[in-house]
Amino acid sequence: MMCCMAHAGRSSGPANQARSAEIIRRVQAIPEGFVRTYGDIDPHAPRHVGQVLSASSEDMPWHRVVRSDGSLAKGRRQRSLLRKEGVPMRGDRVDLRLARMSAKS
DNA sequence: GCGTTGACTGGAA
DNA sequence: TTTCCAGCCAACG
């Protein structure tokens, strides 16, 4: 089944926007009190996730996105928000054992 | 079309 | 346990 995006092209295409849109959609889908790693949101391009979040509006729970080891990308600023939402944490790191959600909804 | 940058990840020391 | 290195993908100039 390669019909869908057979010749979609990799520049200025709808599929291109879909990639970023999908990342934003997943981040907004994170319920309060839980977190997800960049790799869970986009295992193919975890780096792009952060880049999209930085370029996106602050109307999304970007603070619920943490690294695979539970460490925070934005440090103290992010930690305060997570702890305020009731996210289980261990020092300056999130306890992924309890806060990490499934790979997908 | 090419090279650089980035809110990353996993494995090795 | 922490720190360092190399790999990957997408966006930008």
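Taking atom NE2 of residue A:H48 and atom P of nucleotide B:dT4, one finds them 20 Å apart after rounding to whole Å. The CG atom of A:L81 sits 18 Å away from the P atom of B:dA7 (whole-angstrom rounding). In this structure, A:I41 atom CD1 and B:dG6 atom C1' are separated by 16 Å, rounded to whole Å. When rounded to the nearest whole Å, the span between CD1 of A:I24 and C1' of C:dA10 equals 14 Å. Per the geometry, CE belonging to A:M60 stands 15 Å off P belonging to B:dA7, to the nearest Å. One atom, OH of A:Y38, and another, P of C:dC9, lie 19 Å apart when rounded to the nearest Å.
At a threshold of 4.0 angstrom between heavy atoms, the contacts of A:S54 include nucleobase atoms, whether or not backbone atoms are also involved.
Between A:R19 and C:dA10, a side-chain N or O to OP1/OP2 separation shorter than 4.0 Å is present.
For residues 77-90 of chain A, the side-chain hydrogen bond (donor to acceptor under 3.5 Å, both in side chains) pairs, not counting sequence neighbours, are A:H63-A:E85, A:R64-A:E85.
For the atom pair NE2 of A:H48 and OG of A:S20, the computed distance is 3.5 Å after rounding to the nearest 0.5 Å.
Every residue two or more places apart in sequence or in another chain was checked for a salt bridge (Lys or Arg N to Asp or Glu O under 4.0 Å) with A:R67, and none qualifies.
Among the nucleotides B:dT9, B:dG6, C:dC9, the one closest to the side chain of A:A45 is C:dC9. Nearest to the side chain of A:T37, among B:dA7, C:dA11, B:dT9, sits B:dT9. Considering only side-chain atoms of A:R93, the nucleotide from B:dA7, B:dT9, C:dT2 that sits closest is C:dT2.
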Quick one: which protein N/O atoms are closer than 3.5 Å to N/O atoms of nucleotides 5-8 of chain C? Pair and distance per line, please.
none

